[in-house]
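Everything on this sheet refers to the single structure shown next.
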4 protein chains.
Amino acid sequence: MAQDAQRPAERAKRLPRAVREKQILDAAVRVFSLHGYHSASMDEISDVAGVSKPMIYSYLGAKEDLFLHCIRREANRMLEAVQAGIRPDVPPDMQLWHGLRAFYGFVASHRESWVVLHRHAITVGGPFADEITDLRGKAIKLVGGLVVSAGARKGLAEQVEFSGEGLAAALVGAAESLADWWLDHTDVPDGVLASWLMNLAWLGFNDLVEGQLWRPREHDGEHGADQA
Amino acid sequence: MAQDAQRPAERAKRLPRAVREKQILDAAVRVFSLHGYHSASMDEISDVAGVSKPMIYSYLGAKEDLFLHCIRREANRMLEAVQAGIRPDVPPDMQLWHGLRAFYGFVASHRESWVVLHRHAITVGGPFADEITDLRGKAIKLVGGLVVSAGARKGLAEQVEFSGEGLAAALVGAAESLADWWLDHTDVPDGVLASWLMNLAWLGFNDLVEGQLWRPREHDGEHGADQA
Amino acid sequence: MAQDAQRPAERAKRLPRAVREKQILDAAVRVFSLHGYHSASMDEISDVAGVSKPMIYSYLGAKEDLFLHCIRREANRMLEAVQAGIRPDVPPDMQLWHGLRAFYGFVASHRESWVVLHRHAITVGGPFADEITDLRGKAIKLVGGLVVSAGARKGLAEQVEFSGEGLAAALVGAAESLADWWLDHTDVPDGVLASWLMNLAWLGFNDLVEGQLWRPREHDGEHGADQA
Amino acid sequence: MAQDAQRPAERAKRLPRAVREKQILDAAVRVFSLHGYHSASMDEISDVAGVSKPMIYSYLGAKEDLFLHCIRREANRMLEAVQAGIRPDVPPDMQLWHGLRAFYGFVASHRESWVVLHRHAITVGGPFADEITDLRGKAIKLVGGLVVSAGARKGLAEQVEFSGEGLAAALVGAAESLADWWLDHTDVPDGVLASWLMNLAWLGFNDLVEGQLWRPREHDGEHGADQA
DNA sequence: GATGAATGAGATTTCATTCAT
DNA sequence: AATGAATGAAATCTCATTCAT
C-alpha cells in the first residue's frame, strides 16, 4: 500500500529540464505561429507540448516571457542560418545572392519560425516592444549588412541619403510579397523567383527594360547558384 | 463656462446615424491601430467614440464586422489617394514616382490607417485575409500596369522569363515593408522614402553602388532614367 | 417649406388605437409562440407588427404586460370556441364528443394561440404565476366541466375520490400526445384520432379489449360527429 | 465553532472531478427547474453548486450542454425508476398499475427532475427536442408493450381500427399531463393520481359514471378488471 | 518533478426600456 | 401619434494564472 502510494505517476516521465523546455518552446512556436500571440492559449500550448501548464510557468514563465523566449530562439536560428550561408570572399552581388538564398531557404524550412517573427512579433508591441524592435532590428540589419558591405566597397555608405536598413526592409518585403504571389502561380520554379528578385535588386527596371539580365556565376566550384 | 451652459443636453444628443457611424469608425481605427484586433476592446472603442456599446453593435455589427468596416474604409481611402496622385500623361518612371509619393504621403498623414491595414489586418487573418488580398491585388494591378507599359516600350514583354505581375508584386511588397520600417524610424521624411524605393526599383544596387542616382524631373514628355 | 416640415411622415399612418393594438397583439402572439416568452424580443415583435417599440410600450405596456394581454385574449378565444361547440341538450358522451371536437378544431386553426397558452404560459411562472394559473385553470375547467356534468347525472361528482379537473388535464394531455404521435403517422385520418380518444376516454381499455366500440350517433340531424 | 476551525481549507478544496460534476448537475437541475432554461443564469447555478463558473464550463460545457446533461441524467433516472417498478409476472392491468405508481412516485420524490423534463425541456425546443422525443418514445414503447399484450389476449390486435402504439401515446400524454396538473395541486397523494388514471384508462368514463371502480388486487395470476 | 483542480477578472454581445423630436 | 436614437444592466463564456497534492 505504501509502495502503491509512492510510485510516481506512470505517464509523467521525469525528463531533464532542457528536454522539457525544448518541447514547450517547439509547441509554443507552433501555436503562436498558428493563432498569433493573443489568440494562442496557454491551454493549447500545454496540450501540444504534452506538458502541464504549471510546468510551463515554472520553466519559462508567464505568457509574455514564453513569447519572448520563442522569438529569441527563432531569431537566433534565422540569423545563424543566414550568416552561415554567406561567403565573405566573393563579389558583393554574389554575397547578396547567397544571403537571399539562405534567407529563402530558412523561411521555406522554418515557416513557423518566420511567421512568428515577422507576422506576429511585430504586431504585439506593448509590453515588450523594445525587445521585439531590437530583435527585429538585428534580423534586418543582417540583410542590411550585405547591402551596406556591398555598397561600402563602392562608396554607397557615404551617400548618407541611403539607409542600408531601410533598403533591406524593402528587399525583405519584396521577397515576401513575391512568395505570396507565388502561391497563385505555382508553375514558376523557385530558382526563378530568387533570380527575379536578384535582378530587380541588382539591375533595376531601367536595366531590365534594356534587356540586361543578372545571372549567378560559378565563382569557385563550390555550392550555390545552380538554378536553371 | 458660458458655452458649457449653452449646450442643450450634456449627453445623448440625437445625432443622425451617419455622423455616429463616422465617430465610431474613427474611434475604432484609432483603437485597433493602437492595440491590434484582439487586444482592442469594444469598451475602449465605445469610450473613444463617445458612444455606448449597443450603438456600435446596432450600427456596425459585431467586432469582426466593425473591423471589416474599418479595413474597407481605410483601404478605399488609400487606393483613392494613390490613384489621385498618379498622372497618366507622364512617362512610366514618373508615374511610378508619383504613385510612390502619394503612397508614402498617405502613410505619413494616416499613420493609423496604415497600421491597421498592414500590421494588424494581416496578422489576424481569417475573415480579413480576403479583404487584404483584395487590396494588395488592386495595388499590384496598378503597379503592374506601369511596369508593363514601361517594359512594352523597350520590349521587355517579349522576355518570357519575366512577369510584369510578379515584379509588381515584389515592388508592392517592398513599398509596404519600407512603410512598415518607417513606423519605427519616423525621422526620415516621406519624400526620401519614395526616393529610396524609386532608386532601388529603377536603377538597382548595381547602379547605386556605382554612385548613380535617379531623380525626378520636371515633366517634359520624355521618359526617365536618363543616366543609364 | 413650412408645409414640408409639417407634413406628417408618410409611412406612419395614423391608425385608431384599437387597430394598432390588434396588430401588436397578433404579432406578439406569433413571436411568443415561436420563441417562447424569454427568447422573444421586443424588437422582433415590433418588426412583425410593423410598429415602433415606443408604441408598444405606450399601448400595451412592458413585456410582461404584453404577454399577459396575449394570453388573456387567446384564452378567451379558446374558451368561447369550445363553449360554442357544446350542445347542452344531448347525452353526456355526445357533449364530451362535441367538446373534444371543438377543442381540436380550435387548436388546429389557432395553433399559435394554443402554443402560447399551453407551452409557454405555463413555463414562465415567476412574476405573473397567479394570473397564468388562473387562466389555465379556467381553460381546463371548461373541459373539466364536461366531465363533471356528465358525471353529475350519474353520481360521479359524489365520488370525492375523483377530480374533474384532474381528469380533464389527463384528457388534454392524451389529446396532445396523440396529436404529436400523429405527426409521424399522417396516414391516419383526423376523425379516427378523435374517435380513438373518445373510445379510450369513454369505454376504457377493458371494454376495448372486449371488442366494444363507441361511435358518435346522429342525434337530431344537426352538425358534428360525422366522421367515417 | 470547533468544527469550523478544523476545516482544512475554507474554499477551493480539491475534490475529484466526479464529485464536482454531481454537485454541478444537482445545482443545475434545481435552478433550471426553478426558472426555466432561459432565465436560469450560470451565475446562479455556480453559486448554488458552490463552484466557480469556469469549472462548470470545463466539466460540463456551455449552458446548452449543461442542460442536455441534466435532461439525460433525469430522464434515465426516471426511466429506471419506472422500469424497476414494473413486475413482469403479473397481469397487464397490474403491470400498468405498477408502472403508473412508480411514475407518480418518482415525480413525487423528484419534483425538480420532472419540472425540468416536462415543463422546461419541452418549451425550449431546439437542441433538446430530440432528447425529449427520445424519452417519450421509450415511455410509449414501454406502455405500448403492455397495451398490446393486454389486447393480444382478447383479440384487439385484429381490430385494425386501433393502434396499440397510438393508444400508448395517448396514455403517456395523459399521465404526463396529469403529473403536470399535480404540480399545482400538491394536496393529492400520488397513489390517488395513479388510481385516477388507471380507472380512466381501464374502465373509461362510461363505466366510471355508472359507479364502477377499478382497484388493484393482490397478485393471483388472474388478469384484472373483474367488475366489467 | 509534475499535475488536476480551481478561480478572478474581463471579453463580447443582447435586450428591455426610455428620451428627444 | 409616432419614431429613430440611445443606453444601463446583465448574460454567456474564456483565459492566464495559481494552489494543493
Side-chain angles (χ1 to χ4, degrees), chain A residues 5 8-17 20 38-46 51-59 61-64 66, chain B residues 8-9 11-17 19-20 38-46 50-59 61-64 66, chain C residues 5 8-9 11-17 20 38-46 51-59 61-64 66, chain D residues 8-9 11-17 19-20 38-46 50-59 61-66:
Chain A
E10 210 139 43
R11 68 231 154 123
K13 296 219 209 76
R14 307 293 180 101
L15 296 178
R17 175 162 183 150
R20 287 280 191 224
H38 288 294
S39 299
S41 84
M42 296 298 273
D43 268 301
E44 185 172 355
I45 294 175
S46 87
V51 157
S52 71
K53 276 189 293 178
M55 290 241 65
I56 300 181
Y57 281 86
S58 146
Y59 282 170
K63 198 181 185 185
E64 270 182 32
L66 179 58
Chain B
R11 74 176 189 180
K13 265 216 299 244
R14 307 300 157 114
L15 299 178
R17 175 169 182 150
V19 175
R20 289 289 190 215
H38 287 294
S39 298
S41 85
M42 297 299 274
D43 268 303
E44 183 172 357
I45 294 175
S46 86
V51 153
S52 70
K53 273 185 294 175
M55 288 252 75
I56 302 182
Y57 283 88
S58 154
Y59 283 169
K63 197 182 187 183
E64 242 183 64
L66 178 58
Chain C
R11 71 227 151 122
K13 295 218 210 78
R14 306 293 179 103
L15 296 178
R17 175 163 180 152
R20 287 282 191 221
H38 288 293
S39 299
S41 85
M42 298 298 275
D43 268 301
E44 184 173 355
I45 294 175
S46 88
V51 157
S52 72
K53 277 189 292 177
M55 290 240 66
I56 300 182
Y57 281 85
S58 146
Y59 280 170
K63 196 183 188 184
E64 269 182 32
L66 178 58
Chain D
R11 71 178 191 178
K13 265 216 298 241
R14 307 299 156 116
L15 298 179
R17 175 167 182 153
V19 175
R20 288 290 190 216
H38 287 295
S39 297
S41 85
M42 297 299 273
D43 268 302
E44 184 173 354
I45 294 175
S46 84
V51 154
S52 69
K53 271 185 296 176
M55 289 252 76
I56 302 182
Y57 283 89
S58 155
Y59 283 169
K63 198 183 186 183
E64 241 183 64
D65 304 303
L66 178 58

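Model, not experiment: these values are computed from the prediction. Lettering of chains follows the sequences in order, A, B, ..., and the numbering in each one begins at 1. Because only heavy atoms are used, hydrogens play no part in the values below, and waters and symmetry mates are left out as well, while side chains stay in.
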Gap between atom [atom2] of [Y] and atom [atom1] of [X] - 0.5 Å precision:
X: A/Leu66; Y: A/Tyr59; atom1: CG; atom2: OH; value: 14.5 Å
X: B/Asp43; Y: B/Ser52; atom1: CG; atom2: OG; value: 11.0 Å
X: A/Lys53; Y: A/Ser46; atom1: NZ; atom2: OG; value: 6.0 Å
X: B/Ile56; Y: B/Arg20; atom1: CD1; atom2: CZ; value: 11.0 Å

Nearest-nucleotide wise, let me know which of D/Ser52 and A/Val51 is further upstream toward the 5' end of DNA chain E. A/Val51
Does D/Arg17 reach a base, just sugar-phosphate, or nothing at all? Heavy atoms under 4.0 Å. sugar-phosphate
Can a side chain N or O of B/Tyr59 be found less than 4.0 Å away from OP1 or OP2 on F/dA6? yes
Within the pair B/Arg20 and F/dG4, is there a side-chain N or O less than 4.0 Å away from OP1 or OP2? no
Starting at the 5' end of DNA chain F, what dot-bracket string do you get if Watson-Crick and G-U pairs under 3.5 Å are bracketed, crossing pairs use [ ], other-strand pairs use | and unpaired bases use dots? .||||||||||||||||||||
[X] has an atom [atom1]; how far is it from atom [atom2] of [N], in whole Å?
X: D/Asp65; N: F/dT12; atom1: CG; atom2: C1'; result: 13 Å
X: C/Met55; N: F/dG4; atom1: CE; atom2: P; result: 12 Å
X: C/Ile56; N: E/dC19; atom1: CD1; atom2: P; result: 18 Å

Provide the closest heavy-atom pair for B/Lys63 versus B/His38 in the form atom of the first, atom of the second, distance. NZ-O, 3.4 Å
Base versus backbone protein contacts along nucleotides 12-18 of chain E [heavy-atom cut-off under 4.0 Å; B, S, -]: BBBBSBB
